[in-house]
Visitor: 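This is the structure I have questions about; it appears just below.
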Amino acid sequence: MNELNRLQQLCPSPDPSPSPIEWTAVENALGTQLPSDYKKLVERYGSGSSKDFLSVLQPNAAHEALDIVKVTPGARSAVEKMSGRWPVAARPVASGA
């Protein structure tokens, strides 16, 4: 059993399921490929937050603050401005790079 199925047992997904997502268009807008497990999670649960601690963003979310396409440019800009302060890259590095 994978983690998403275990989560489904603990916390059933909403009914009806969120609307289908055109992932190619989303990834083009973001300029990066998204992990398949993230896509499966969003396709099953949609966007939301848990106890104001963990937020899951999705494309075309009802609330702009939970829309990954709208939130990412500002977040990316903030991280890039601070990149000299952290010992990690502001963007993922391709494997083998």
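Small disclaimer: the values here were computed from a predicted structure and weren't measured.
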Visitor: Is the shortest side-chain heavy-atom distance between Val42 and Ser47 below 4.5 Å?
Guide: no
Visitor: Do Ile21 and Asn60 have side chains that approach each other closer than 4.5 Å (heavy atoms only, starting at C-beta)?
Guide: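 Heavy-atom side-chain distance check fails, nothing below 4.5 Å.
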Visitor: Show the nearest heavy-atom pair for residues Val69 and Pro73, with the distance to one decimal.
Guide: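 Heavy-atom minimum between the residues: O-CD, 3.2 Å.
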Visitor: With a 4.5 Å heavy-atom cut-off, do Trp23 and Asn28 have their side chains touching?
Guide: no
Visitor: Drop me the distance from Leu66's CG to Leu57's CG, to the nearest 0.5 angstrom.
Guide: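 Leu66 CG to Leu57 CG: 6.0 Å, rounded to 0.5 Å.
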Visitor: Should the pair Lys40-Glu3 be classified as a salt bridge under the 4.0 Å nitrogen-to-oxygen rule?
Guide: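 Salt bridge: no.
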Visitor: Does the Asp67 side chain pair with the main chain of Pro59, one donor and one acceptor, at a distance under 3.5 Å?
Guide: no
Visitor: May I ask you to check whether over 12 heavy atoms, not counting those of Gln8, lie within 6.0 Å of atom CD?
Guide: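 Above 12, so yes.
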Visitor: Over all heavy atoms of both residues, which pair between Arg44 and Asn5 is shortest? Give the atoms and the distance, please.
Guide: NH1-OD1, 3.5 Å
Visitor: Does some side-chain heavy atom of Ile68 sit less than 4.5 Å from a side-chain heavy atom of Gln58?
Guide: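 Not touching, per the 4.5 Å side-chain cut-off.
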Visitor: Indicate yes or no for a side-chain donor-acceptor contact from Glu27 to the backbone of Gln33 under 3.5 Å, with no hydrogens or angles considered.
Guide: no
Visitor: Got Leu41 and Val56 here, is their nearest side-chain heavy-atom distance under 4.5 Å?
Guide: yes
Visitor: Search all heavy atoms of Val71 against all heavy atoms of Glu64 and return the closest pair with its distance.
Guide: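 Residues Val71 and Glu64, closest heavy atoms: CG2-O, 3.5 Å.
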Visitor: How long is the straight-line distance from CG of Leu4 back to OH of Tyr38, given to the nearest 0.5 Å?
Guide: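 Spacing of OH (Tyr38) from CG (Leu4) equals 13.5 Å.
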